[in-house]
Structure formats: structure tokens, C-alpha cells
Amino acid sequence: AAVHVQILDLHIGIDPGAAGCIAAISDTGVRTLRFAKATDKEIYEFMSNLSLSDTCFCTKEKVWAMPAKNPDGTERGMGAMTSFTFGENNGFIRGILVATMIPYEEKVPQTWQKLFGMKKEKNESQPEYKRRLKQKAEELFPDMKITADMADALLIAEFTKRTHNV
């Protein structure tokens, strides 16, 4: 029996944070929607349009809240309000994926970052690391004007393309 391999025509990546983004890569180009610039209705409509593609797949970054304090008592991560908003955004995005019937998987950041050799260095600050991720996205998408809030979603969409078109 012959093995049927389906080539996807749309690869979606989602960084579900409040300053996150949806990126979709197809043969005709790249489309993005930045959450900070969109209403809930616009996010739903954007995803609904993506779901019209015959063959699409999405990788959504698997996220969780960070404790507000380190074990030694120093500040880190998110406070209660930020954690709640973060969780609310994540649930909203998952709900849209289910409602639009877009097949998806969740991957922890380390999984998609590893594909690009983008491990966070031990003494590297988070802003420095985010700058490196943005530079990687600019390398992969040289014709696009990439903002910091788009970079992760673009890299996740590229991860989807490379891992699901086999």
C-alpha cells in the first residue's frame, strides 16, 4: 500500500501572550496578526479565514504562569493580575482553534527554539534573548518588517512548516 503524505498549504504559529501574534506561512506569503493591535472579533475573523485553507496545521506555544517570586524571595515572573490575563488570552486562543477546527499541537518554547539553535544563554537577559529571536526571524523573513511581538509567532510558524511538511 502506498503511503499518502499530505503537503500542508498553510503553516500557523501562535505566541499566545497579550503582546503575542498569529503568523501564517503559505506559498503566497506570510500573514500576521498582532494581538495588541486587534480586537477579539478581529482575531476570530483572522483565524476563521485561515481555517478555510484545505490543509493547515498550527503550533501554539505551550505557556503557563510564572511564580511572582523566586525561592529566595526575589521578584520574577508574573503577578496575579498578569497571570490571570495571560491565562485568559491562552484559553481564548485555544477556544478559537477549536471553534475554527484548525488542527493544532502545543509545544514548549524550548522545542521550537531548539530547531533554530536558539537556546537562552546562562547569563543572557530576557530582553537580549528576545532581540536574538527577532534577529533570527529577520534572517528567515528578510522581506518583512518584523516587530518584537511578531518574532516568536513567525519562528513557531516556520517550525510548523519544517516539522509538518515531511
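In this text the structure is predicted, and so the values were computed from the model without any measurement.
A donor-acceptor contact under 3.5 angstrom links the side chains of Ser53 and Asp9, judged on distance only. Between the side chains of Ser51 and Thr100, no donor-acceptor pair of N or O atoms lies under 3.5 Å.
What you find for Glu124 and Lys119 is that their closest heavy atoms are OE1-O, 4.3 Å. Nearest heavy atom pair, residue Pro103 against residue Cys56, reads CG-O, 3.2 Å. The two atoms that bring Ala23 and Ala157 nearest to each other are O-CB, 3.7 Å, heavy atoms only.
In this structure, the separation between CZ on Arg31 and CD1 on Ile22 is 11.0 Å, given to the nearest 0.5 Å. Within the model, atoms OG1 of Thr59 and NE2 of His164 stand 5.5 Å from one another, a figure rounded to the nearest 0.5 Å. Atom NE2 of His11 and atom CZ of Arg162 lie 11.5 Å apart (nearest 0.5 Å). Here the NZ atom belonging to Lys161 is positioned 11.0 Å from the CG atom belonging to Leu10, to the nearest 0.5 angstrom. Atom-to-atom distance recorded for Ile96:CD1 and Lys60:NZ is 12.0 Å, nearest 0.5 angstrom. To the nearest 0.5 Å, atom CG of residue Asn49 and atom CE of residue Met47 are 10.5 Å apart.
Pro16 has its side chain within reach of Glu61: a pair of non-hydrogen atoms, C-beta onward, lies under 4.5 Å apart. Gln113 is listed as a side-chain neighbour of Leu133, based on a closest heavy-atom distance under 4.5 Å. For the pair Thr160 and Trp112, the minimum side-chain heavy-atom distance is 4.5 Å or more. With contacts defined as side-chain heavy-atom distances shorter than 4.5 Å, the pair Leu140/Leu154 does not qualify. Put simply, the side chain of Leu33 does not reach to within 4.5 Å of the side chain of Cys21, judged on heavy atoms. Residues Glu105 and Phe57 meet the side-chain proximity criterion, which asks for heavy atoms closer than 4.5 Å. Within the 4.5 Å cutoff, no side-chain heavy atoms of Ile12 are placed close to those of Ile156. By the 4.5 Å heavy-atom criterion applied to side chains, Glu138 and Met144 are not counted as neighbours.
Residues Ile14 and Leu50 fall within the same hydrophobic cluster, defined by Ile, Leu, Val, Met, Phe, Trp and Tyr side chains chained together at heavy-atom separations under 4.5 Å. Residues Val30 and Phe35 do not share a hydrophobic cluster, defined by chaining ILVMFWY side chains whose heavy atoms lie under 4.5 Å apart. Tracing side-chain contacts under 4.5 Å through hydrophobic residues (I, L, V, M, F, W, Y), one reaches Leu115 starting from Ile25; they form part of the same cluster.
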Exercise. Which is it for Thr39 and Tyr44 under the side-chain contact (heavy atoms from CB on, under 4.5 Å) test, yes or no, and what are the steps along the way?
Worked result: CA-CA 9 Å; Thr39 64; Tyr44 176 75; over 6 Å; no
Problem set entry | Working for side-chain contact (heavy atoms from CB on, under 4.5 Å), residues Lys120 and Glu128 | CA-CA 9 Å; Lys120 187 171 185 281; Glu128 288 169 335; over 6 Å; no
For this session: List the steps and the verdict of salt bridge (charged side-chain N to carboxylate O under 4.0 Å, His left out) for Lys41 and Glu45.
Result: CA-CA 6 Å; Lys41 183 175 187 251; Glu45 287 171 351; 3.0 Å; yes
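Taking the charged nitrogens against the carboxylate oxygens, Asp152 and Lys130 do have a contact shorter than 4.0 Å, which makes a salt bridge. Looking at Lys37 and Glu42, no side-chain N of the basic residue comes within less than 4.0 Å of a carboxylate O on the acidic one, giving no salt bridge.
Looking only at distances, no side-chain donor or acceptor of Thr111 sits under 3.5 Å from a matching main-chain atom of Lys107. The backbone N or O of Met118 sits less than 3.5 Å from a side-chain atom of Tyr129, completing a donor-acceptor pair.
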